[in-house]
Amino acid sequence: MAGLTPDDKRLLHDFAEQIAELAERHQSRWKVQTSDGRILVAIRTPTAPHGLNVVRLRRQIEAQSPDVIALNDTNMHDPATGLTKIPDLIVIAEEDVDGTAKGVDPRDVLMTMEVVSPSNSLDDIREKLADYPRMGIPLYVVVDPRHDKQTVTVHSDPSPGPDGLRYRKTVPHAFGDTVTAGRWTLETATLKSYPSDW
């Protein structure tokens with residue numbers, strides 16, 4: 001969020017929190033996030049394939065690493081950048097989760113995972129790809145179940161360059177591949193694709 005002062009970032013976060021609280025009072029189907037000085041409000045439209053993919057990935061990660069947990073739909077706020085996100089999965093050491101906080105500190109997160117939604121794909125593919133390295137996330141996995149994609153892409157090695165802080169390594173895989181993401185091995189043959197008419 002270039003150009004925003006620390007006070008601006010705090011005000012943006014506070015206003016986003018107020019919107020999230022308002023949304024919760026009406027319905028809990030809203031996801032409130034921030035990116036580049038904007039507040040993004042999207043309605044949650046859960047589908048069975050999306051939910052199955054999130055659960056199957058979470059089970060694999062936790063089975064391989066008893067010391068971590070994979071939290072789904074949990075707030076993650078970074079005071080340094082002012083960014084707030086709600087990933088599909090946050091992989092974090094259980095001891096680093098503060099059970100009294102509203103969210104997790106992204107600087108403690110080991111990996112985030114997003115399962116692309118049919119109605120909101122650019123948020124996962126473009127916005128979060130730019131924001132997560134700035135929040136200190138070392139590893140970002142994007143699962144795209146759209147019928148014409150069916151890919152799993154692992155983004156890693158965040159480092160600065162002429163284009164800013166970005167992931168410098170991107171490895172694409174197809175559904176069915178065995179995918180290495182950091183210390184985890186993900187079997188993707190059981191991932192569900194979206195129907196062709198979505």
**Prompt:** Under 3.5 Å, side chain of Glu114 to main-chain N/O of Val141, donor-acceptor pair present?
**Reply:** no

**Fill in**
Closest heavy-atom pair, Pro87 versus Met76, reported as atoms and distance to 0.1 Å, is CG-CE, 3.7 Å

**Prompt:** If you round to the nearest 0.5 Å, how far is NZ of Lys128 from CE of Met135?
**Reply:** 9.5 Å

**Message:** Before you tell me yes or no, could you show the steps for Lys85 and Asp131 under side-chain contact (heavy atoms from CB on, under 4.5 Å), namely the whole-Å CA-CA distance, both residues' side-chain angles and the distance that decides it to 0.1 Å?
**Reply:** CA-CA 9 Å; Lys85 301 293 179 190; Asp131 289 343; 2.8 Å; yes

**Request:** Find out whether Met111 and Ile61 are in side-chain contact, i.e. whether some heavy atom of one side chain is under 4.5 Å from a heavy atom of the other.
**Result:** yes

**Request:** Flag the pair Tyr140 / Val154 as yes when at least one side-chain heavy-atom distance between them is below 4.5 Å, and no otherwise.
**Result:** no

**Prompt:** So does Asp144 pair up with Arg146, basic N to acidic O under 4.0 Å?
**Reply:** yes

**Request:** Taking the side chain as every heavy atom from C-beta outward, state whether Ile69 and Val97 have any atom pair closer than 4.5 Å.
**Result:** yes

**Message:** Assess, by modelled atom type and distance only, whether the side chains of Ser193 and His147 contain a donor and an acceptor separated by less than 3.5 Å.
**Reply:** no

**Prompt:** Do the side chains of Val116 and Leu89 join up, straight or via other hydrophobic residues, at under 4.5 Å, putting them in one cluster?
**Reply:** no

**Fill in**
In terms of heavy-atom contacts, Ile137 and Pro106 come closest through CD1-O, 3.5 Å

**Message:** Between Tyr132 and Glu127, does the side chain to side chain donor-acceptor pair (under 3.5 Å) criterion hold? Intermediate values first, please.
**Reply:** CA-CA 9 Å; Tyr132 282 159; Glu127 301 282 347; over 6 Å; no

**Asked** Are His77 and Leu83 close enough, and set up right, to give a side-chain contact (heavy atoms from CB on, under 4.5 Å), and what steps lead you there?
**Response** CA-CA 6 Å; His77 173 66; Leu83 294 166; over 6 Å; no

**Request:** For Asn75 and Lys102, work out which heavy atoms get closest and say how close.
**Result:** CB-O, 3.8 Å

**Request:** Indicate the atoms forming the closest heavy-atom contact of Tyr194 with Ser117, along with that distance.
**Result:** OH-CA, 4.0 Å

**4.5 Å side-chain heavy-atom contact, Thr170 and Thr153** = yes

**Request:** Could you check if a side-chain atom of Val152 sits within less than 4.5 angstrom of a side-chain atom of Leu191, using non-hydrogen atoms only?
**Result:** yes

**Request:** Could you tell me which non-hydrogen atom of Val109 sits nearest to which non-hydrogen atom of Ile90, and how far apart they are?
**Result:** CG2-CG2, 3.5 Å

**Prompt:** Is any side-chain heavy atom of Asn72 less than 4.5 Å from a side-chain heavy atom of Arg58?
**Reply:** yes

**Request:** Please tell me if the side chains of Ile92 and Leu71 come closer than 4.5 Å, counting only heavy atoms from C-beta onward.
**Result:** yes

**Request:** Could you state whether Val54 and Val143 fall into the same hydrophobic cluster, counting links through intermediate Ile, Leu, Val, Met, Phe, Trp or Tyr residues with side-chain heavy atoms under 4.5 angstrom apart?
**Result:** yes

**Asked** Should Leu139 and Val91 be regarded as members of a common hydrophobic cluster, given that ILVMFWY residues are connected when their side-chain heavy atoms come within less than 4.5 Å of each other, either directly or indirectly?
**Response** yes

**Prompt:** Do any N or O atoms from the side chain of Gln64 and from the backbone of Thr185 form a donor-acceptor pair under 3.5 angstrom?
**Reply:** yes

**Asked** Can you get from Ile86 to Leu57 by hopping between Ile, Leu, Val, Met, Phe, Trp and Tyr side chains that sit under 4.5 Å apart?
**Response** no

**Prompt:** Within the side chain of Arg56, is there an N or O that forms a donor-acceptor pair under 3.5 Å with the backbone of Thr190?
**Reply:** yes

**Message:** Check Arg183 with Asp67, please: is the shortest side-chain N to carboxylate O separation under 4.0 Å?
**Reply:** yes

**Asked** Is it true that Asp157 and Arg166 make a salt bridge, defined as a side-chain N closer than 4.0 Å to a carboxylate O?
**Response** no

**Fill in**
dist Arg168:CZ -> Ser159:OG (nearest 0.5 Å) comes out at 5.0 Å

**Asked** Looking at Phe175 and Pro145, what are the two nearest heavy atoms and their distance?
**Response** CZ-CA, 3.7 Å

**Asked** Is the number of heavy atoms from other residues, nucleotides or ligands under 6.0 Å of Arg59 CZ greater than 12?
**Response** no

**Prompt:** Any donor and acceptor pair, going by atom type alone, linking the side chain of Thr188 with main-chain N or O of Asp177 inside 3.5 Å?
**Reply:** yes

**Prompt:** Who pairs with Leu165 by side chain to side chain contact (heavy atoms under 4.5 Å, CB included), at least two apart in sequence or on another chain?
**Reply:** Pro133, Arg134, Pro160

**Message:** Quick one: does any side-chain atom of Thr100 pair with a main-chain N or O of Asp98 as donor and acceptor, under 3.5 Å?
**Reply:** no

**Request:** Using the rule that two of Ile, Leu, Val, Met, Phe, Trp, Tyr join whenever any of their side-chain heavy atoms come within less than 4.5 Å, decide whether Leu110 and Tyr167 are in one cluster.
**Result:** no

**Prompt:** Would you say the side-chain atoms of His50 and Asp88 include a donor-acceptor pair closer than 3.5 Å?
**Reply:** yes

